[in-house]
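Both backbone and side-chain heavy atoms feed into the values below; hydrogens, waters and symmetry mates do not. Letters A, B, ... are given to chains in the order of the sequence lines, protein chains preceding strands, and every chain is numbered from 1.
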Amino acid sequence: MTTTEIAAPRSPRTRGNGTNWEKWGWLYMRVSGVVLVVLIFGHLFVNLWQGTGVSAINFAFVAGKWADPFWQWWDVIMLWLALIHGGNGMRTIVNDYARGRTTRGILKIAILAAVAILIILGTLVVFTFDPCIGNPSSDALIQLCAAH
Amino acid sequence: MWLSTEASTIMGGLFVSVQTAGTPPKASKKKPRPAGTLYRGHEGMWSWVFHRITGVAIFFFLLVHVLDTALVRVSPEAYDAVIGTYQTPIMGIGEVGLVAAIVFHAFNGLRIILVDFWSKGTRYQKLMFWIVIALWVLTMLAFVPRHLTNVFSH
């Protein structure tokens, strides 16, 4: 006869001595959240509010911003914090709603892959950006690229 | 316990029913709530529901947004073509929805942090939900007319 061990109600959960990743994930959501409020509100202010908002965005607009390391770092930090924050949130939702072990595993690997690929892609795009590829589309770009 | 989560706070409301311990339900003019809980159907639940929905929406936009921005590495024409679609009236209205989601998620996220870390956070969680809604309305009242003017007049 086999007996199934069921812990008594309210018995303390036993946990290994390793890192409590869920605690750090919980803390990360709050710390990154506060920073993201500042970074994303600043991003929206500059790109959607100032001047003529979304209608002013084009290649030259991006070139103008990323000519300044300040905005390069702003965007890269926002990219990392937001994708990890969003990926961890999606992981929580998968844990809550996906029933099967395999389904959960596949969904979480998909989330991890999307986050990792976009972080690498986005970081490379910001730091290897070349304002002089193709045909310069504005006077400011023609001036900038003539100097190269 | 310094580590409390909003979930544990509000789940307390779910499991600790107002009608526990055999007290007879008070006669109330209000419509009966399902199961008479503190949580279900109230501010805490809607805060959680909207936080999830807006979070998922923002995540999927973020995936697309990193990809469309990556086109600056392909060619100015490719980037301008895609960003041009963001400037159409339909996408302009979509951006109103996006900003609405981001602003709610941001303000409600700060509310969650206060619930978790501020000693009086749980006491004022309902009030803070309505403050979040009020700030959200104010932000949208400022943003929407300006944004739609930009979208429809340029």
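For the options B:Ala142, B:Ser153, B:Gly109, heavy-atom pairs under 4.5 Å to chain A are most numerous at B:Ala142. The most heavy-atom pairs under 4.5 Å with chain B, out of A:Leu118, A:Val37, A:Thr52, A:Leu44, come from A:Thr52. Of the listed residues B:Leu110, B:Thr69, B:Leu67, B:Leu63, the one with more heavy-atom pairs under 4.5 angstrom with chain A than any other is B:Leu63. For the set A:Val62, A:Leu124, A:Ile119, the count of heavy-atom pairs under 4.5 angstrom toward chain B peaks at A:Val62. Chosen from A:Val34, A:Ile117, A:Thr128, the residue pairing most often with chain B at heavy-atom distances under 4.5 Å is A:Thr128.
Other members of a hydrophobic cluster containing A:Leu112 are absent, since no ILVMFWY side chain comes under 4.5 Å of it, directly or through relayed contacts.
The side-chain heavy atoms of A:Trp49 and B:Asn150, taken from C-beta on, include no pair separated by under 4.5 Å.
Here the rule is side-chain contact (heavy atoms from CB on, under 4.5 Å) with B:Arg73, and of A:Val126, A:Leu121, A:Val125 only A:Val125 fits it.
Atoms CZ and CG, from A:Phe61 and B:Asp80 in turn, are 12.5 Å apart once rounded to the nearest 0.5 Å. If you take CD1 on B:Ile113 and CE on A:Met29, they are separated by 10.5 Å, rounding to the nearest 0.5 Å.
Heavy atoms of B:Phe107 lying under 4.5 Å from chain A belong exclusively to its side chain. No part of B:Ala78 comes within reach of chain A, as not one of its non-hydrogen atoms sits under 4.5 angstrom from that chain. For a residue to count as touching a neighbouring chain, one of its non-hydrogen atoms must lie under 4.5 Å from one of that chain's; by this rule B:Phe60 touches chain A with the side chain only. Heavy-atom distances place the side chain of B:Ile83, and not its backbone, under 4.5 Å from chain A. Using a 4.5 Å cut-off between heavy atoms, A:Leu48 contacts chain B through both its backbone and its side chain. Looking at B:Val151, the atoms closer than 4.5 Å to chain A (heavy atoms on both sides) all sit in the side chain, from C-beta outward.
Cluster membership for B:Leu148 and A:Phe45, using ILVMFWY side-chain heavy atoms within less than 4.5 angstrom, is shared. Cluster membership for A:Val38 and A:Leu36, using ILVMFWY side-chain heavy atoms within less than 4.5 angstrom, is not shared. Cluster membership check: B:Val64 shares its hydrophobic cluster with B:Leu71, using side-chain heavy-atom separations under 4.5 Å among Ile, Leu, Val, Met, Phe, Trp and Tyr. Under the 4.5 Å side-chain heavy-atom criterion for ILVMFWY residues, a single connected hydrophobic cluster contains both A:Trp24 and B:Phe117. Residue A:Val115 is not grouped with residue A:Ile106 when hydrophobic side chains (ILVMFWY) are merged at heavy-atom distances under 4.5 angstrom, including chains of intermediate members.
Of all the heavy atoms in B:Ala106 and A:Phe41, the pair that sits closest is CB-CE1, 3.6 Å. Nearest heavy-atom pair, B:Val72 versus A:Phe59, reported as atom, atom and distance to 0.1 Å: O-CE1, 3.4 Å. Taking all atoms of both residues into account, the shortest heavy-atom contact from A:His85 to B:His105 is NE2-NE2, 4.4 Å.
Of all residues spanning residues 92-102 of chain A, those with a heavy atom less than 4.5 Å away from chain B's heavy atoms are A:Thr92, A:Ile93, A:Asp96, A:Tyr97, arranged by number. Near-neighbour residues of residues 71-81 of chain A relative to chain B, defined by a heavy atom under 4.5 Å from a heavy atom of that chain, comprise A:Leu79.
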Per-pair distances, 0.1 Å, donor-acceptor, side chain in residues 84-103 of chain B, under 3.5 Å, sequence neighbours excluded:
unit_1	atom_1	unit_2	atom_2	d
B:Thr85	OG1	B:Val82	O	2.5
B:Tyr86	OH	B:Asp68	OD2	2.4
B:Gln87	NE2	A:Val54	O	2.8
B:Gln87	NE2	A:Ile57	O	2.9
B:Thr88	OG1	B:Thr85	O	2.8
B:Glu95	OE1	B:His147	NE2	3.2

